[in-house]
A.B. asks: 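Pasting a structure here, questions to come.
Worth saying up front: this structure is predicted, and the values here are computed from it rather than measured. Positions are given from 1 along the sequence.
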Amino acid sequence: MASVPSLASTLDQRITDALSAALPEAGAVDPLLRRSDRADFQANGMLALAKKLKGNPRELAAKVVEGLPAGDVIKEIEVSGPGFLNITVADGAITRTLAARAADDRLGVPLSEKAGTTVIDWAQPNVAKEMHVGHLRSAVIGDAAVRILEFTGEKVISRHHIGDWGTQFGMLIQYLIEHPHELDHKEGASGEEAMSNLNRLYKAARALFDADAEFKERARRRVVDLQAGDEETLALWQKFVDESKIYFYSVFEKLDMEILDENVVGESGYNDMLAETCRLLEESGVAVRSEGALCVFFDDVKGPDGNPVPLIVQKSDGGYGYAATDLSAIRDRVGNLKADTLLYVVDARQSLHFKMVFETARRIGWLNDDVHAVQLAFGTVLGKDGKPFKTREGETVRLVDLLDEAIDRAGAVVREKARDLTEEEIAERAAQVGIGAVKYADLSTSAARDYKFDLDQMVSLNGDTSVYLQYAFARIQSILRKAGEAGPVAHPELPLAPAERALGLHLDQFAATVAEAAEEYAPHKMAGYLYQLASLYTTFYDQCPVLKAESPELVENRLFLCDLTARTLHRGMALLGIRTPERL
C-alpha cells in the first residue's frame with residue numbers, strides 16, 4: 001500500500017499552496033509547521049517571509065488564512081502574536097488519517113526514496129575473551145540501527161569485526177600444542193562451558209608465558225608461523241575462533257539478537273589486503289615513511305608536545321596496526337559490498353582513531369561525495385555511583401551475569417503481577433521483560449551520552465522503562481480480548497475527547513519518527529516517541545471508558561484507538577529489538 005500522508009504534511013502542503021497563491025513573488029517557502037500547546041499546530045514561517053519581502057507579518061498571515069478555508073482538515077485557524085498561525089485540526093480528519101494508517105501493515109510508514117546500501121560494523125567481541133559490560137552498547141545500538149534502517153527499505157549488511165588476530169594467539173596456540181586436550185568437550189557444549197574452557201586455558205597460558213622465558217620465545221615464534229599461514233598453526237587458531245563463537249552466539253541469543261555466521265568477519269578477514277593497502281597509500285603519497293613506519297599526518301592532530309600525531313598504518317618492524325585493517329575493511333566494504341554508507345557503532349573513546357581513518361580513506365578516494373563513513377559513537381555504561389561499571393572487587397562485569405540478574409529481577413516483577421500464567425510462561429516473560437529492560441535503558445538515552453546501569457529502575461513499572469511500555473501493550477490486548485462481539489471500527493463522524501485527540505495526533509507522528517530515527521541513527525528518538533505514546537494512552541484509558549462507552553459506535557471508535565496504539569507500540573518496540581508479550 002502507498003504511504004499515508006500525515007496531518008502535518010497535509011497541512012504543510014495546504015499552507016505552502018496558500019502562501020504561493022497570496023504571494024507568487026515569494027518563491028519556495030517553508031511554513032515552519034510545528035506541534036503546539038496553544039492549538040494542534042503552529043506555522044511560524046510568516047515572520048521570515050515578511051522580513052524577506054519587507055512586509056507586515058500579521059497582514060501576510062491574514063492573507064494566508066483567507067486562502068485556507070476551514071473544512072475537512074482544518075477546524076479553525078487564527079493569527080496570533082507577530083504573525084503565527086495557530087491551527088486546530090478537525091476531529092474527523094484525525095480519525096480518517098488514522099484509519100488509513102490502520103489499513104496498512106506498515107502503519108503508513110513509507111519506504112525511503114533515498115534507500116541505498118549501508119554496511120554496519122557492530123557487536124565486536126574478542127576471540128578467547130569473555131564479553132563484559134563494555135560489549136553491551138555496540139550490540140544493542142547496532143541491532144536497533146539495523147532494524148530501523150531495514151524497515152525504511154535500506155539494504156543493510158552487518159559486519160561483526162571480532163578481535164581474532166594478534167600476538168596473544170601465539171601464546172594460546174603454543175600452549176594448546178603443549179597441552180592438546182584443553183579445549184576438548186562433548187558435542188553440543190553450552191556457551192558457558194566453551195567460555196570456561198577458554199578462560200582456564202587463557203589464564204594457564206598467561207601464567208606460563210610470564211614465568212617461563214623458553215615458553216615465551218616459543219610463543220613468539222608461533223606468532224610468526226600464524227602470520228605466515230602455517231597450516232597446523234592456523235588449524236589450532238581456528239579452534240579458538242570456533243570455541244569462542246559457541247560462546248558469543250549463546251550471549252547474543254540471550255540478548256535476543258540474530259548474528260549470522262557469514263557476517264562475522266574479524267581482523268583476520270583482511271590479512272590478504274594489508275600489504276596492498278599500504279602499497280596504495282604509499283604510492284599515492286597519502287602515507288609517508290617516518291622513522292621506518294608508514295604514517296599519515298594531519299594538521300589538526302597534535303600531541304601534548306605540539307608535534308603531529310600520525311596514524312600509523314605499518315610499524316617500523318613491518319607489523320600492521322589497527323589502521324591497516326580498518327582501511328582494508330573500508331576498501332572491501334566499498335569495493336566488494338558496494339556500500340554507500342559505512343556505519344561504525346563504536347565506543348566514543350575511539351573517535352580520534354576513526355576520524356583519522358576516515359580522513360585517510362577520503363584522501364585516497366575510497367570515501368567521497370557518494371560514499372561516506374559515520375561513527376555512531378556511544379558513551380560508557382556507568383554504575384549507580386556514576387563511575388564506570390565494575391564489580392565490588394574492581395573487575396569488569398561479565399555480560400552474562402548482568403543479563404541473568406536482569407532476567408531474575410524481571411521474573412520477580414512478572415510473578416508479582418501474574419494472575420493466570422504458568423511457571424513456563426513466567427520464565428519466558430521474565431526473559432522478554434528483563435532483556436527488554438536492559439535494551440531500553442540503553443536505547444532511551446542518546447547514544448553519545450553515558451548512562452547509569454540501575455536494574456531497580458530498569459524493571460520498574462513506573463517511569464520511562466520498557467516494562468511500562470510492555471504493560472501498556474498487554475493491557476490493550478486484555479481490553480481487546482474482553483470486547484466480545486464489539487471490534488475496532490473507525491468512526492470519523494464522532495467528536496473526539498481531548499485525550500482521544502492527543503493520542504490520535506501522536507499516533508499520526510509514527511512515520512515521521514521512524515524517518516527521523518533512521519536519518520539520524522537515533523534509536524532514542526523512537527524510544528522517546530513510544531514512551532510518550534504509552535503515557536498518552538494511559539491518560540486516554542483513565543479519562544475515556546472503552547467497553548462502557550455511551551454508544552456502540554463510541555465503543556468501536558475507542559477500540560480502534562486501542563488497537564492502533566497496540567500495533568504502533570508492537571512495531572516500534574520491534575524496531576528496538578524488544579518483545580511485547582500479549583499477557584503479563
Side-chain angles (χ1 to χ4, degrees), residues 123 125 130-144 147 190-192 195 247-259 378 381-384 389 391 396-445 451-475 477 523-524 526-527 530-531 534 569-570 572-584:
E130 269 194 291
M131 289 176 72
H132 54 76
V133 68
H135 291 112
L136 181 62
R137 298 205 74 185
S138 177
V140 171
I141 296 166
D143 182 52
R147 290 165 182 270
S190 69
E192 280 289 298
M195 196 61 241
Y247 162 68
F248 296 158
Y249 293 162
S250 74
V251 177
F252 289 125
E253 192 175 343
K254 188 166 281 203
L255 275 166
D256 199 12
M257 290 175 190
E258 187 177 35
I259 303 283
F378 55 82
V381 182
L382 305 174
K384 285 187 194 180
F389 201 19
T391 63
T396 306
V397 180
R398 294 171 70 218
L399 186 50
V400 171
D401 293 343
L402 207 65
L403 300 178
D404 285 343
E405 191 181 346
I407 292 167
D408 286 348
R409 296 278 187 96
V413 173
V414 172
R415 187 177 298 282
E416 193 182 313
K417 283 277 191 180
R419 294 196 184 92
D420 52 357
L421 298 179
T422 64
E423 280 301 310
E424 192 180 337
E425 285 171 328
I426 288 172
E428 182 193 19
R429 303 296 193 279
Q432 293 177 345
V433 171
I435 297 302
V438 169
K439 289 183 177 182
Y440 186 85
D442 190 324
L443 296 170
S444 59
T445 308
Y451 82 98
K452 288 183 184 175
F453 196 95
D454 181 348
L455 276 176
D456 294 327
Q457 173 56 33
M458 286 179 188
V459 298
S460 168
L461 290 167
N462 303 310
D464 189 2
T465 66
S466 66
V467 195
Y468 176 66
L469 303 183
Q470 287 168 322
Y471 267 99
F473 177 82
R475 175 192 278 169
Q477 296 307 315
H524 71 279
M526 178 56 64
L530 295 170
Y531 173 60
L569 278 171
H570 174 73
M573 292 285 266
L575 292 177
L576 299 180
I578 299 173
R579 303 271 178 183
T580 41
E582 301 260 325
R583 295 171 192 261
L584 272 175

A.B. asks: Taking A574's backbone N and O only, do any of them form a donor-acceptor pair with R147's side chain (distance below 3.5 Å, no angle check)?
C.D. replies: yes

A.B. asks: Between the side chain of E582 and the main-chain N/O of A474, is any donor-acceptor distance below 3.5 Å?
C.D. replies: no

A.B. asks: Within a strict 4.5 Å, meaning less than it, do heavy atoms of the F453 and V438 side chains meet?
C.D. replies: yes

A.B. asks: Please give me the minimum heavy-atom distance between V414 and Y471, naming the atom from each residue.
C.D. replies: CA-OH, 4.2 Å

A.B. asks: Is a side-chain N or O of S460 found less than 3.5 angstrom from the main chain of D456, in a donor-acceptor match?
C.D. replies: no

A.B. asks: Taking C-beta and beyond as the side chain, do F252 and M131 meet within less than 4.5 Å on heavy atoms?
C.D. replies: yes

A.B. asks: Nearest 0.5 Å, what's the CD-CG distance between Q477 and L584?
C.D. replies: 10.5 Å

A.B. asks: If you take all heavy atoms of I141 and L443, which pair is closest and at what distance?
C.D. replies: CA-CD2, 3.9 Å

A.B. asks: What are the two closest non-hydrogen atoms of I426 and G411, and how far apart are they?
C.D. replies: CG2-O, 4.4 Å

A.B. asks: Find out whether R583 and D420 are in side-chain contact, i.e. whether some heavy atom of one side chain is under 4.5 Å from a heavy atom of the other.
C.D. replies: yes

A.B. asks: Working to the nearest 0.5 angstrom, can you tell me the gap between D143 CG and L255 CG?
C.D. replies: 8.5 Å

A.B. asks: Rounded at 0.5 Å granularity, tell me how far CE in M257 sits from OH in Y249.
C.D. replies: 14.5 Å

A.B. asks: Does atom CZ (R579) have a neighbourhood of more than 12 heavy atoms from anything else shown, all under 6.0 Å?
C.D. replies: no

A.B. asks: To check you understand the geometry: which heavy-atom pair defines the closest contact between P581 and Q432, and what is its length?
C.D. replies: CG-OE1, 3.1 Å

A.B. asks: Run the side chain to side chain contact (heavy atoms under 4.5 Å, CB included) test against A430 and tell me which residues pass, sequence neighbours left out.
C.D. replies: I407

A.B. asks: Is the shortest side-chain N to carboxylate O distance from R398 to E192 below 4.0 Å?
C.D. replies: yes

A.B. asks: Is there a donor-acceptor pair under 3.5 Å between the side chain of S250 and the backbone N or O of Y247?
C.D. replies: yes

A.B. asks: Compare every heavy atom of A437 with every heavy atom of M458, then report the nearest pair and how far apart it is.
C.D. replies: O-CB, 3.5 Å

A.B. asks: With the side chain counted from C-beta on, respond yes when E130 and L399 share a heavy-atom pair under 4.5 Å apart, and no when they do not.
C.D. replies: no

A.B. asks: Pick from F473, Y440, Y531: which one makes a ring pair (Phe, Tyr, Trp, His ring centres under 6.0 Å) with Y468?
C.D. replies: Y531

A.B. asks: Does any pair with a residue in residues 432-443 pass salt bridge (Lys or Arg N to Asp or Glu O under 4.0 Å), and if so which ones, sequence neighbours excluded?
C.D. replies: R137-D442

A.B. asks: What's the separation between atom CG in D256 and atom CD1 in I578, rounded to the nearest 0.5 Å?
C.D. replies: 10.0 Å

A.B. asks: Quick one: does T465's side chain have a donor or acceptor within less than 3.5 Å of a partner on V459's backbone?
C.D. replies: no

A.B. asks: Are the side chain of S466 and the backbone of G436 linked by a donor-acceptor contact shorter than 3.5 Å?
C.D. replies: yes

A.B. asks: Just by distance, no angles: are the side chains of S444 and H524 close enough, under 3.5 Å, to form a donor-acceptor pair?
C.D. replies: no

A.B. asks: Quick one: are M573 and Q470 in side-chain contact, heavy atoms under 4.5 Å?
C.D. replies: yes

A.B. asks: Can you tell me how far the OG1 atom of T445 sits from the NZ atom of K452, to the nearest 0.5 Å?
C.D. replies: 11.5 Å

A.B. asks: For a 4.5 angstrom cut-off between non-hydrogen side-chain atoms, does L576 reach L530?
C.D. replies: yes

A.B. asks: Taking E423 first and then R415, would you say they form a salt bridge - that is, a charged N and a carboxylate O separated by under 4.0 Å?
C.D. replies: yes

A.B. asks: Any donor and acceptor pair, going by atom type alone, linking the side chain of E416 with main-chain N or O of V413 inside 3.5 Å?
C.D. replies: no

A.B. asks: Is there a side-chain contact between I259 and F248 in this structure, where contact means two heavy atoms from C-beta onward sitting under 4.5 Å apart?
C.D. replies: no

A.B. asks: Nearest 0.5 Å please: distance from the CG atom of L403 over to the CD1 atom of I435.
C.D. replies: 4.5 Å

A.B. asks: Can you give me the closest heavy-atom contact between T580 and L569, atom names plus distance?
C.D. replies: CG2-O, 4.4 Å

